[in-house]
Novice: 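Have a look at this one before I ask anything.
Positions are given from 1, in the same order as the sequence printed here.
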Amino acid sequence: MKISDMCRFPLLGIAALLILSGCSMERVGAPELVPAGTPYSSADIMGIELTEAEKAVFSRTGVLDRRLEPSMEAMVRYHFVKYSREKRTTMQHFLRNSLPYLNYAKAVFRSKGLPEDLAYLAYLESGYNPLAVSSSKAVGMWQFIASTGKIYGLSQDWWMDERMDPYRSTHAAADYLSHLHDIFQDWHLAIASYNGGEGAVGRAQKAAHADGLNELLKKNSELDPAVQLREETRLY
């Protein structure tokens, strides 16, 4: 059967084109971060010896990682070492995926007056894979669920799903993150909300009487289980 014949049947034609182009829907799991309760101290992590190349990279800071609390700085260092060493192959794969999109994403965030560091969230969301689909049916490079995608202008019908459009979805992600920052007036809380939902983070913050994410994380275990942040959001 010719491709032109297949395209008389839209779904079969789309499937054929995806196969022939080497593309596929790729399932993605939860962020692969250190589990809560891992026994380590800030001193242990801060004492990890970095190579000269690692020191040069780790010393660079953007808008979002300046003046971190020591406990948060320790977590950054832990994951920096984890992904530059143990998960190096994974990170290399993500970096290759991002080559067509990263500079565009940074430019979009800058154009909207947002920190360009936010472009790196797509590594954690999908490994910069526009065709990624999560177990909770979040789709695309920025992992929009259907309802949020529609709110931010991403069309979804039998023919197309703009959550998989790396360019339109990047604009949608920037607008959503801007909305979250308007609510919380804090980028760390806004970013946590991108993962956990503005309602869940807002309820936890209110219950903890916390000004920022670090204070909320310290008090989280003391909260009623119904409003505690889930592990994935705490680590996000």
Novice: Quick one: does S193's side chain have a donor or acceptor within less than 3.5 Å of a partner on E198's backbone?
Specialist: no
Novice: Determine the minimum heavy-atom distance between A138 and I145, stating which atoms define it.
Specialist: CB-CG2, 4.1 Å
Novice: Got a donor-acceptor contact below 3.5 angstrom from the D65 side chain to the G62 backbone?
Specialist: yes
Novice: Does H171 have any side chain to side chain donor-acceptor pair (under 3.5 Å) partners at least two apart in sequence or in another chain, and if so, which?
Specialist: Y104
Novice: Evaluate K55 against E52 for salt bridge (charged side-chain N to carboxylate O under 4.0 Å, His left out), listing each step before the verdict.
Specialist: CA-CA 5 Å; K55 288 177 183 176; E52 291 304 313; 3.4 Å; yes
Novice: Hey, what's the ring geometry for F144 with Y152, parallel, tilted or perpendicular (30° and 60° as the breaks)?
Specialist: tilted
Novice: Report yes or no: do E125 and Y236 form a side-chain donor-acceptor pair below 3.5 Å?
Specialist: yes
Novice: With Y123 as reference, evaluate Y83, Y101, Y128 under the ring pair (Phe, Tyr, Trp, His ring centres under 6.0 Å) test and give the passing residue.
Specialist: Y128
Novice: Strictly distance-based, threshold 3.5 Å: is any side-chain N or O of S169 a donor or acceptor partner for the main-chain N or O of D165?
Specialist: yes
Novice: On the 0 to 90° scale, with breaks at 30° and 60°, tag the Y176-Y194 ring pair as parallel, tilted or perpendicular.
Specialist: tilted
Novice: Shortest non-hydrogen contact from R85 to E49?
Specialist: NH2-O, 2.8 Å
Novice: Please name the pair of heavy atoms, one in G149 and one in Q156, separated by the smallest distance, quoted to 0.1 Å.
Specialist: C-NE2, 3.8 Å
Novice: Just wondering, are more than 12 heavy atoms of other shown residues or ligands nearer than 6.0 Å to NZ in K219?
Specialist: yes
